[in-house]
*Asks:* 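Input: one structure, supplied below.
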Amino acid sequence: MTIHNRPDYRAIIGLICLLVMGPMFFLLMPLYIGALVDHLGLSDSQAGLIASLELLGTCVAAVVAMLWIRRLSWRVVALACAILLVSGNVLSMLFVANLPLLIALRLLTGFASGCLVSLACAGLGDTRLPDRNFAFGVVGQLAISGTLFIVLPPVIVEMGVAGIFGCFALCGSVAIIGASLLPDSGVTHEATKTLRSPGAWKPLWGLAGGAAFFVANTAVWAYIERIGVASGLTGEFIGTMLGIGVFASILGPLLAAWIGNGINRFWIMLT
């Protein structure tokens, strides 16, 4: 987004902050599921179900966002959702032994995360250089999650599931700061294309590609820590290796930020 034809860097920083901190439960899902199994005594399938319900909350939030994203104050919604994210994770720490309540709380935190990510994506799409700014957001996601993969395993060993919920609460606190930097609204858009218009298929191509990526990747990603444990690896070693792998993948979004609009997105999607 721009103000008087100049980028509003405060808003861009705030949006990137939401994009990084909002989906942290997904970015750290291998450690999350491992903690649920090792410290709550859940089975792998039960832990996966809790994580899936949290993702369901995120999905519902993304659908509902279509109704409010251009109507309500971004700053107010982001602040409310970030506070809900913090509160839900703090309560999860306190009531971790109450499984029905924990499931309800994870649904709420998933919904809050989905709202933050939806708002971040819409806002970054309004900026003058959306490709670059979104790429910087992905760099932030990878840098923070890579660091946490290395740092968190000893904390989880010491604190149990409360350790990772505490991490999510801290991420929500940072999201509150990012939310305070947002404007009330973004750019006003008018629907100018129908599905029969030239190029109208491109957003659908992007959505299909994103869906294919997450469907193919999420199941393995969720249980990759469990696979390592079953192979006799320690949690600290698994976290370190995942962190190194995540750090290595930072090259991808940095390359995307450098290329910008220089390459047709069709060919990028095919890769």
Side-chain angles (χ1 to χ4, degrees), residues 17-62 64-65 77-120 141 144-145 147-179 218 221-226 229 235 238-239 242:
C17 183
L18 299 188
L19 185 65
V20 172
M21 298 301 168
M24 194 56 66
F25 82 94
F26 174 77
L27 299 174
L28 297 179
M29 191 171 287
L31 296 184
Y32 182 18
I33 287 182
L36 292 174
V37 173
D38 292 338
H39 296 276
L40 284 189
L42 302 179
S43 67
D44 291 344
S45 60
Q46 288 172 330
L49 178 60
I50 290 178
S52 296
L53 290 173
E54 196 156 353
L55 285 171
L56 175 62
T58 302
C59 179
V60 171
V64 173
V77 172
L79 283 171
C81 290
I83 291 171
L84 178 59
L85 188 60
V86 173
S87 303
N89 280 294
V90 170
L91 290 173
S92 294
M93 294 173 65
L94 298 175
F95 297 100
V96 69
N98 188 330
L99 192 56
L101 180 57
L102 180 63
I103 290 173
L105 289 170
R106 301 326 298 168
L107 277 167
L108 287 175
T109 57
F111 183 83
S113 297
C115 290
L116 294 176
V117 173
S118 298
L119 202 158
Q141 289 180 339
I144 299 298
S145 62
T147 301
L148 290 173
F149 271 121
I150 298 172
V151 171
L152 272 182
V155 176
I156 295 173
V157 170
E158 183 68 25
M159 299 180 60
V161 183
I164 199 162
F165 286 149
C167 172
F168 296 159
L170 288 175
C171 291
S173 299
V174 177
I176 292 175
I177 298 174
T218 300
W221 178 245
Y223 286 104
I224 195 167
E225 187 267 355
R226 293 288 88 193
V229 169
I238 295 169
L242 286 174

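Everything numeric here is computed off the predicted structure, so don't read it as measured data. Quick note: residue numbers are just sequence positions, from 1.
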*Asks:* Out of curiosity, C59 SG to L53 CG, how far, rounded to the nearest 0.5 Å?
*Replies:* 12.0 Å
*Asks:* Take T58 and F26 through the side-chain contact (heavy atoms from CB on, under 4.5 Å) test and state the conclusion after the steps.
*Replies:* CA-CA 10 Å; T58 302; F26 174 77; over 6 Å; no
*Asks:* Rounded to the nearest 0.5 Å, how far apart are CD1 of I50 and CG of L99?
*Replies:* 5.0 Å
*Asks:* Quickly, which of L101, L102, L108 forms a side-chain contact (heavy atoms from CB on, under 4.5 Å) with S92? Name it, please.
*Replies:* L102
*Asks:* Compare all side-chain heavy atoms of L36 with those of Q46 and state whether any distance is below 4.5 angstrom.
*Replies:* no
*Asks:* Is there side-chain contact between I164 and F25, with at least one heavy-atom pair below 4.5 Å?
*Replies:* no
*Asks:* Between W221 and L27, which heavy-atom pair has the shortest distance, and what is it?
*Replies:* CZ2-O, 3.1 Å
*Asks:* Any heavy-atom pair between the side chains of T109 and F168 that's under 4.5 Å?
*Replies:* no
*Asks:* Kindly give the heavy-atom pair with the smallest separation between C171 and M21, and that separation in Å.
*Replies:* O-CB, 3.4 Å
*Asks:* With a 4.5 Å heavy-atom cut-off, do R106 and F165 have their side chains touching?
*Replies:* yes
*Asks:* Compare every heavy atom of C167 with every heavy atom of L28, then report the nearest pair and how far apart it is.
*Replies:* CD1-SG, 4.2 Å
*Asks:* Measure from the side-chain N and O atoms of E225 to the backbone N and O of G239, and report whether any donor-acceptor pair falls under 3.5 Å.
*Replies:* no
*Asks:* Starting at CG of L242, measure out to CG of L152 and round the result to the nearest 0.5 Å.
*Replies:* 12.0 Å
*Asks:* Write out all pairs satisfying salt bridge (Lys or Arg N to Asp or Glu O under 4.0 Å) with one or both partners inside residues 23-49, taking only residues at least two apart or from two chains.
*Replies:* D38-R226
*Asks:* Of the non-hydrogen atoms in V161 and A35, which two are nearest, and what is the gap between them?
*Replies:* CG2-O, 3.4 Å
*Asks:* Can you list every salt bridge (Lys or Arg N to Asp or Glu O under 4.0 Å) pair that touches residues 148-161, not counting sequence neighbours?
*Replies:* none
*Asks:* Nearest 0.5 Å please: distance from the OG atom of S45 over to the CG atom of L49.
*Replies:* 8.0 Å
*Asks:* From L18 CG over to I177 CD1, what is the distance, rounded to the nearest 0.5 angstrom?
*Replies:* 11.5 Å
*Asks:* Which heavy-atom pair separates A175 from L116 by the least distance, and what is that distance?
*Replies:* CB-CD1, 4.3 Å
*Asks:* Could you report the tightest heavy-atom contact between L31 and L148, atom names first, then the distance?
*Replies:* CD1-O, 4.1 Å
